[in-house]
2 protein chains.
Amino acid sequence: MSLATATSPGSGKRALTKKANRQAILDAASKVFARDGYEVASIRDIIRETSLASGTFYNYFKSKEEIFETIAAESAKRFQPRLKIISSQATDLASYFRAAYAAYFDFLVEENDVTISNGGPHRAMIGVRIDTPEIKAISDQIRSDIENVLRITGPKHLDAGYLTAAAIGIARQMGDLMLSRRPLEPEVAAAFASRLMLAGIKDFAKHV
Amino acid sequence: MSLATATSPGSGKRALTKKANRQAILDAASKVFARDGYEVASIRDIIRETSLASGTFYNYFKSKEEIFETIAAESAKRFQPRLKIISSQATDLASYFRAAYAAYFDFLVEENDVTISNGGPHRAMIGVRIDTPEIKAISDQIRSDIENVLRITGPKHLDAGYLTAAAIGIARQMGDLMLSRRPLEPEVAAAFASRLMLAGIKDFAKHV
DNA sequence: GCAGATTGGTGACGAGGCGTCAACTTTCAT
DNA sequence: ATGAAAGTTGACGCCTCGTCACCAATCTGC
């Protein structure tokens with residue numbers, strides 16, 4: 001072939017197994033994290049679930065932390081488009097919060113067994129809190145959504161940072177609780193959370 | 001001495017060094033956790049900061065997790081009495097939430113450098129979330145406070161579990177944000193958080 | 001105060017994880 | 001077909017883990 005070969009980066013056998021190996025490691029990691037918990041799991045545990053050698057892990061990920069973040073980031077990436085749609089369709093605060101919370105709690109239920117469910121048999125007490133770029137991006141988008149929608153509907157001098165923090169804090173903590181209850185009722189949680197936020201914002205609108 | 005010796009459990013030299021050793025290990029752990037972050041810190045790192053041998057650690061704590069929880073529990077124990085006072089003095093929701101949030105955010109500011117500030121030089125991305133008995137106790141007390149005060153002032157069929165989760169979620173997330181801002185303004189955050197919660201509850205009171 | 005009992009500190013040990021790297025195998029390009 | 005490049009392998013040295021036999025300091029009863 002002449003220069004600028006037609007082969008896209010992924011057609012050759014080389015690139016193919018590379019992709020497969022990476023995915024195998026990611027799958028193994030998800031499995032092990034879910035089974036043993038993040039704390040307990042070791043890189044060796046992960047690589048043992050594949051047919052690869054220990055050294056190979058380090059060709060793809062720097063550390064246990066990095067592979068965890070990658071998994072979290074991919075999860076966040078799956079959520080982001082839903083939020084985008086909601087933010088583009090929402091016209092006012094009420095519709096935005098209602099839809100966003102519903103989307104998030106539904107997402108939690110969906111990913112519940114796939115995502116890291118802390119506390120397998122070894123039930124680590126110390127949980128995980130991630131701050132990947134993607135999760136930051138989601139947080140940022142929510143803030144910008146809130147700012148945008150406040151600019152139109154809401155009161156002027158409302159601290160969007162705190163409001164975003166509150167919205168996310170509610171989502172996190174209520175999400176945990178929602179998942180621990182049977183039956184799973186993401187809609188109920190979403191109704192509760194959005195109502196709480198909306199009432200608060202309306203109140204802020206009233207007197208400065 | 002006759003039976004039932006007058007020596008309280010702490011007078012003898014034996015018990016004295018025991019107490020000192022335990023405290024030395026706790027102090028070293030606080031220091032190392034703050035310096036290196038919980039993830040990176042090892043039991044050896046901790047014990048190396050004392051004049052004790054590695055085996056001695058295990059006479060006092062089972063694991064890194066346990067000593068961390070002990071530290072967290074002691075911190076929670078320092079907070080609990082403040083909350084108790086607030087809950088005994090508060091007559092309605094407004095005064096309770098306002099005071100409770102203020103107490104919590106003040107507490108955060110106070111303990112900020114003492115408590116584990118995640119992310120030293122090695123800035124671990126994965127944070128810590130603790131569930132010691134004491135922290136559970138605080139959470140439970142808040143729930144019971146909310147239930148009590150709802151029984152008097154608030155709407156009947158409001159989900160106290162979700163409301164507590166929301167209150168705590170707001171406190172956690174806003175607390176992080178508050179600490180990252182300069183100047184530190186715990187009162188501003190407390191005003192914001194309590195107003196948000198109160199408005200929400202009032203709204204729930206209106207229509208079922 | 002002495003002797004025996006007890007408590008608790010010590011540090012070496014085996015097991016196992018960590019990240020690295022030289023040797024090797026497989027694919028790619030010509 | 002052949003040399004270059006990429007990627008895999010597993011053994012290696014270092015480290016931490018939790019344990020345990022040993023020992024020294026303290027306590028107890030006389």
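Values reported hereafter were calculated over all heavy atoms of this structure, with side chains retained and with hydrogens, waters and symmetry mates removed. Chain letters run A, B, ... following the sequence lines, proteins first and then strands; every chain starts at 1. On a predicted model such as this, the values are computed, not experimentally measured, just so you know.
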Please report, rounded to the nearest Å, how far the C1' atom of C:dG16 is from the CD1 atom of A:Ile43.
14 Å
Side chains of B:Asn59 and B:Thr56: do they bring a donor and an acceptor to under 3.5 Å?
no
Report yes if a side-chain nitrogen or oxygen of A:Tyr60 is closer than 4.0 Å to either non-bridging phosphate oxygen (OP1 or OP2) of D:dT8; otherwise report no.
yes
Would you indicate which nucleotide in C:dC18, C:dT6, C:dT10 comes nearest to any side-chain atom of B:Thr56?
C:dT10
Minimum-distance nucleotide to A:Asn59 side chain [options: D:dT8, C:dG19, D:dT16]:
D:dT8
Could you label the plane-to-plane angle of the A:Phe107 and A:Phe79 rings as parallel, tilted or perpendicular, counting under 30° as parallel and over 60° as perpendicular?
tilted
Nucleotide nearest A:Tyr58 when distance is taken to its side chain, options C:dG19, D:dT19, C:dT10:
C:dG19
Among C:dT27, C:dG9, C:dC18, which is the nearest nucleotide to the side chain of A:Arg44?
C:dC18
Pick the nucleotide of DNA chain C nearest each of B:Ser51 and B:Arg14; which residue has the one closer to the 5' end?
B:Arg14
Send over the distance from A:Arg48 CZ to D:dG10 C1', rounded to a whole Å.
14 Å
Interatomic distance, B:Leu16 CG vs C:dT7 P [rounded to whole Å]
18 Å
Whole angstrom is fine here: how far is it from CD1 in A:Ile47 over to P in C:dC18?
11 Å
When all nucleic acid strands are considered with a 4.0 Å heavy-atom cut-off, which category describes B:Phe61: base, sugar-phosphate, or nothing?
nothing
In this structure, how many angstroms lie between the P atom of D:dT8 and the CZ atom of A:Arg22, rounded?
13 Å
How about A:Asp27 and A:Ser30: does a side-chain donor come under 3.5 Å of a side-chain acceptor?
no
Report the distance from atom CD1 of B:Ile46 to atom C1' of D:dG18, rounded to the nearest whole Å.
15 Å
Restricting to non-hydrogen atoms, name the atom on A:Leu83 and the atom on A:Ala100 that form the minimum distance, rounded to 0.1 Å.
CD1-CB, 4.2 Å
Can you tell me how far P of D:dT9 sits from CG of A:Asn21, to the nearest Å?
7 Å
Of all the nucleotides listed (D:dC27, C:dG17, C:dG11), which has the minimum atom distance to the side chain of B:Ser54?
C:dG11
Output the rounded distance in Å from NZ (B:Lys13) to C1' (C:dG9).
14 Å
Can you label the angle between the A:Phe97 ring and the A:Tyr101 ring as parallel, tilted or perpendicular, going by 30° and 60°?
parallel
